[in-house]
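Next up is a structure, given as structure tokens.
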Amino acid sequence: MVGWAIALHGGGGEIPIDLPDERRIPREMALRHCLDLGVSALKSGKPPLDVVELVVRELENHPDFNAGKGSVLTAEGTVEMEASIMDGKTKRCGAVMGLTTVINPISLARLVMQKTPHINLAFAAAEAFARAHGVETAEPSHFITLENIARLKQAKEFNRVQLDYTAPTPREAGDSQTGTVGCVAVDRAGNLAAATSTGGYVNKMAGRVGDTPLIGAGTYANHLCAVSTTGKGEEIIRGTVAKEVAALMEYKGLSLTDAAAYAVDQSGPIGTCGLIAVSANGEVTMPFNSTGMFRACATEDGYSEIGIWHNN
């Protein structure tokens, strides 16, 4: 028997050390709330797959994170949400992309896993699948916050695609606020699961798909570990960062901590990559090479952490 463990993230990037309290505190409170939710679920014996879905749903419902309700806007001023989920024991997985009306993309990703012979469903077909299965939806306007309208305007003014917390100019650093979300969990029996959800980049081309819904890049789980990444999607895809952690453990015999650190530093994008991971033995690690990463974790032996920057 091993102990349970859980970790979750709210995205990473150039999070300024002087992030104003009104922007920092609600996110820290949300992380604490979601961590407590996940810990309670694990303690009550819920399977890790249920736990990661539950936690990511809660993060999707929080408007300050770049997923679900808080999703950032494309160059067209629209929302295109992505999510994926994976069960480590069976390697069953599901993913969705290009969603515009689904309130909780992570739950639709799980439905794809359970109700279809496929792994990925996208855009209009994914929306139709959601409607056919009675998944909760809302008008696209539900997902569009005033803050994200302002962020798109800033990004357009500076003609750039904006990653998570990175602001268009140093002058606007206090306004960089959202990030991909994810959760990984392991139960006392060593069963593992991972889930990730996002709204993508500010001012991205409509139709662009990132690492989040790609198994092995943004999300991965097997019998050794469960991983959820955050950062510059194109580079994470090239490095198959989530799978890299599992591969280093399996083929090089590295510990979870060493494998995750290597994957972030060597395979991930420089200065914009982070991940959360748990092992079948109940270990947990949350490395990142960006300025900060909203993160939280807890283990059965009593360890817990909620942090944003390095050494905090």
Next on the checklist: Quick one: does any side-chain atom of Asn148 pair with a main-chain N or O of Gly70 as donor and acceptor, under 3.5 Å?
Outcome noted: yes
Next on the checklist: Checking Thr101 against Thr137 for the side-chain hydrogen bond (donor to acceptor under 3.5 Å, both in side chains) test, could you report, in this order, the C-alpha distance in whole Å, the side-chain angles of both residues, the deciding distance, and whether it holds?
Outcome noted: CA-CA 5 Å; Thr101 70; Thr137 59; 4.7 Å; no
Checklist outcome for this item: What one should report as the nearest heavy-atom pair of Thr100 and Phe143 is O-CE1, 3.5 Å
Next on the checklist: Would the distance check show the side chain of Asn104 and the main-chain N or O of Ser107 forming a donor-acceptor pair, the cut-off being under 3.5 Å?
Outcome noted: no
Item to check | Between Glu244 and Ser267: side-chain donor-acceptor atoms closer than 3.5 Å | outcome: yes
Checklist entry - Between Val56 and Ser197, which heavy-atom pair has the shortest distance, and what is it? => result CG1-CB, 3.7 Å
Checklist entry - Hey, is CD on Glu139 packed in by over 12 heavy atoms from elsewhere, all under 6.0 Å? => result no
Item to check | Interatomic spacing from CG in Leu108 to CD1 in Ile103 - rounded to 0.5 Å | outcome: 12.0 Å
Item to check | For Phe129, ring pair (Phe, Tyr, Trp, His ring centres under 6.0 Å) partners two or more places apart | outcome: His133
Checklist entry - Could you state the interatomic distance from SG (Cys34) to NE2 (His62), rounded to the nearest 0.5 Å? => result 7.5 Å
Checklist outcome for this item: Closest non-hydrogen atoms of Gly200 and Val72, given as atom of the first, atom of the second and distance, are O-CG2, 3.4 Å
Checklist entry - Under 3.5 Å, is there a donor-acceptor pair between the side chain of Arg110 and the main chain of Ile106? => result no
Checklist entry - How far does CG of Asn281 sit from CG of Leu224, to the nearest 0.5 angstrom? => result 9.0 Å
Next on the checklist: I'd like to know whether CD1 of Ile270 has more than 12 heavy-atom contacts from other residues, nucleotides or ligands below 6.0 angstrom.
Outcome noted: no
Checklist entry - So, the side chain of Lys156 versus the backbone of Ala75: is there a donor-acceptor pair under 3.5 Å, distance only? => result yes
Checklist entry - Under the side-chain hydrogen bond (donor to acceptor under 3.5 Å, both in side chains) criterion, do Asp211 and Thr229 qualify, and how do the steps go? => result CA-CA 8 Å; Asp211 64 296; Thr229 71; 3.0 Å; yes
Item to check | Residue pair His9, Ser228: steps toward the side-chain hydrogen bond (donor to acceptor under 3.5 Å, both in side chains) verdict | outcome: CA-CA 8 Å; His9 71 78; Ser228 172; 3.0 Å; yes
Checklist outcome for this item: In terms of heavy-atom contacts, Tyr262 and Leu248 come closest through CD2-CD1, 3.5 Å
Checklist entry - Going by atom types only, do Thr196 and Thr212 share a side-chain donor-acceptor pair under 3.5 Å? => result no
Report all side-chain donor-acceptor pairs from residues 283-294 shorter than 3.5 Å, counting only partners two or more places apart or in another chain.
residue : atom : partner : partner atom : Å
Glu283  : OE1  : Ser279  : OG           : 2.7
Asn289  : OD1  : Gly271  : N            : 3.2
Asn289  : OD1  : Thr272  : N            : 3.1
Asn289  : OD1  : Cys273  : N            : 2.8
Asn289  : ND2  : Val264  : O            : 3.3
Asn289  : ND2  : Pro269  : O            : 3.1
Ser290  : OG   : Gly13   : N            : 3.4
Ser290  : OG   : Gly292  : O            : 2.9
Thr291  : OG1  : Glu14   : OE1          : 2.6

Checklist entry - Between Arg24 and Glu28, does a salt bridge (charged side-chain N to carboxylate O under 4.0 Å, His left out) hold up when you go through it step by step? => result CA-CA 6 Å; Arg24 174 182 58 81; Glu28 288 180 334; 2.7 Å; yes
Item to check | Residue pairs involving residues 295-307 (criterion salt bridge (charged side-chain N to carboxylate O under 4.0 Å, His left out); sequence neighbours excluded) | outcome: Arg188-Glu300, Arg295-Glu305
Checklist entry - Can we say Arg27 and Asp64 salt-bridge, meaning some charged N sits less than 4.0 Å from an Asp/Glu carboxylate O? => result yes
Item to check | Pair Glu147 + Arg23: basic N to acidic O under 4.0 Å | outcome: yes
Checklist entry - Under the 3.5 angstrom rule, does the side chain of Thr116 hit a backbone N or O of Val112 as a donor-acceptor pair? => result yes
Item to check | Short side-chain to backbone donor-acceptor contact, Thr240 and Ile237, under 3.5 Å | outcome: no
Item to check | Check: Arg92 side chain, Met113 main-chain N or O, donor-acceptor pair, under 3.5 Å | outcome: yes
Item to check | Donor-acceptor under 3.5 Å (Lys69 side chain, His142 main chain) | outcome: yes
Next on the checklist: Using the ring pair (Phe, Tyr, Trp, His ring centres under 6.0 Å) criterion, which residues pair with His33? Sequence neighbours excluded.
Outcome noted: none
Checklist entry - Restricting to pairs with a member in residues 72-121, which pass ring-ring contact (aromatic ring centres under 6.0 Å, His included), not counting sequence neighbours? => result none
Checklist entry - Hey, does the side chain of Asp187 reach the backbone of Asn191 with a donor-acceptor pair shorter than 3.5 angstrom? => result yes
Checklist entry - Asn66 and Ser71: which non-hydrogen atoms are nearest, and at how many Å? => result OD1-CA, 3.5 Å
Checklist entry - Would you call Arg57-Glu136 a salt bridge at under 4.0 Å N-O? => result no
Next on the checklist: Show the nearest heavy-atom pair for residues Val184 and Ala194, with the distance to one decimal.
Outcome noted: CG1-CB, 3.8 Å
Item to check | Those residues that, when tested against Glu58, pass salt bridge (Lys or Arg N to Asp or Glu O under 4.0 Å) (two or more places apart) | outcome: none
Next on the checklist: Using side-chain heavy atoms (C-beta onward) and a distance below 4.5 Å, is Leu192 in contact with Lys89?
Outcome noted: no
Checklist outcome for this item: Value for CD1 (Ile236) from CG (Leu275), rounded to nearest 0.5 Å, stands at 8.5 Å
Checklist entry - Would Glu80 and Lys204 count as a salt bridge (charged side-chain N to carboxylate O under 4.0 Å, His left out) if you check the C-alpha gap in whole Å, the side-chain angles of each, and the deciding distance to 0.1 Å? => result CA-CA 10 Å; Glu80 290 182 352; Lys204 74 179 182 75; 2.5 Å; yes
Checklist entry - Given side chains that start at C-beta, do those of Leu59 and Val55 come closer than 4.5 Å, heavy atoms only? => result yes
Checklist entry - Is it true that a side-chain atom of Tyr201 and a backbone atom of Gly233 form a donor plus acceptor pair closer than 3.5 Å? => result yes
